[in-house]
2 protein chains.
Amino acid sequence: MRLTMERTLEHIDYDDGTEELARFAKALGHPTRVAILKYLDRQSCCFTGDIVDVFPLAQSTVSQHLKELKNAGLIQGNVEPPKVKYCINEENWKLAKTMFSDFFGE
Amino acid sequence: MRLTMERTLEHIDYDDGTEELARFAKALGHPTRVAILKYLDRQSCCFTGDIVDVFPLAQSTVSQHLKELKNAGLIQGNVEPPKVKYCINEENWKLAKTMFSDFFGE
DNA sequence: ATAGTTTATCGTAAATAGACGATGAATTTA
DNA sequence: TAAATTCATCGTCTATTTACGATAAACTAT
């Protein structure tokens, strides 16, 4: 017989900056996403298809990574039919920059 | 038209900084690890047990997080029997600081 | 020697992440 | 209207992460 584990899994309450920094960091925690952001930063903006052409990954995979970056707030997407143009979200970019900078110490 | 891509599933070769930044970011991608690092930064150093006392997590879980931070190079552990003292790895800390700073732009 | 302290590691369960192809939705072009 | 283009989403599979308790390893103290 096998016992199931009583898992509380209650959410730990970290202070706000901690959670937010971790969210940004998590989004940056995959080389493809770092590379996408570097690419976006060089181009200022680009379409999904441009990125798909650059990486040896399926279109759906790239789309997934873009979604994660968008959910983390690091990029934003504007529809320009039939394409979608993605750009760095400057406001959150600055915020992330500040948060990492503060974290590592001035 | 997009041709079907030969699925390598092999490792994509990003440039060096990209991989390294992603490794650092991944280590920071969990709020517990961010909190541990903040704690370590305040205390300068501390023992595993100190951290276990601070977080509502099993000792083994904390130990695992410390291992990841160590593998990422952000902390280092020195044995002081019967305890292990963990400190920020200052060299890599500075490196990470610089890399994130460069990434987000001066 | 024995018992206690401290921490890492093992084994495992559950959740999340990352990859793909297929499909669908929206829009443009023929 | 029909076909093509562009991209997101769905379903699925595998790998990794995160958590736990149990145990082992290393050392101290009795």
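So you know, we letter chains A, B, ... as the sequences are listed, proteins then strands, and number each from 1.
- Considering CD1 of A/I36 and CG of A/L28, their distance stands at 11.5 Å, rounded to 0.5 Å.
- Between A/Q64 atom CD and C/dA17 atom P the separation is 10 Å, expressed in whole Å.
- Atom CD of residue B/Q76 and atom NZ of residue B/K85 lie 10.0 Å apart, to the nearest 0.5 angstrom.
- The side chain of B/R33 approaches D/dT18 more closely than any other nucleotide in the set D/dT18, C/dA19, D/dC20.
- Using a 4.0 Å cut-off on heavy atoms, the residues of residues 66-84 of chain B that approach DNA chain C are B/K67, B/P82, B/K83, B/V84, listed by number.
- Within 3.5 Å, no donor on the side chain of A/T61 pairs with an acceptor on the base of C/dG18, nor the reverse.
- Within 4.0 Å (heavy atoms only), B/K85 reaches no atom of the nucleic acid at all.
- Residue A/H30 places none of its side-chain N or O atoms closer than 4.0 Å to OP1 or OP2 of D/dT17.
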Trace of the side chain to side chain contact (heavy atoms under 4.5 Å, CB included) decision for A/Y86 with A/L69: CA-CA 10 Å; A/Y86 282 100; A/L69 289 172; over 6 Å; no
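- Shown here are the ring pair (Phe, Tyr, Trp, His ring centres under 6.0 Å) partners of A/F47, two or more places apart in sequence or in another chain: there are none.
- Using a 4.0 Å cutoff on non-hydrogen atoms, the parts of residues 43-55 of chain B near DNA chain C are B/F47, B/T48, B/G49, ordered by number.
- Summarising the geometry, the separation between NE2 on A/H65 and P on D/dC7 is reported as 17 Å, rounded to the nearest angstrom.
- Side chain of A/T98 to backbone of A/K94: a donor-acceptor contact under 3.5 angstrom is found.
- Open room surrounds CG on A/D16; 12 or fewer heavy atoms of other groups in view lie less than 6.0 Å from it.
- Listed here is the closest heavy atom pair of A/L21 and A/M99: N-CE, 3.7 Å.
- Distance, B/L28 CG to D/dT17 C1': 16 Å, rounded to whole Å.
- Of the possible donor and acceptor atoms, one in the side chain of B/K97 sits under 3.5 Å from a partner among the backbone N and O of A/G105.
- The aromatic ring centroids of B/F100 and B/F24 lie 6.0 Å or more from each other.
- Straight-line distance from the CD atom of B/Q59 to the C1' atom of D/dA19: 13 Å, rounded to whole Å.
- Counting only heavy atoms from C-beta on, A/K26 has its side chain closest to C/dT16 among C/dT16, C/dG18, C/dC10.
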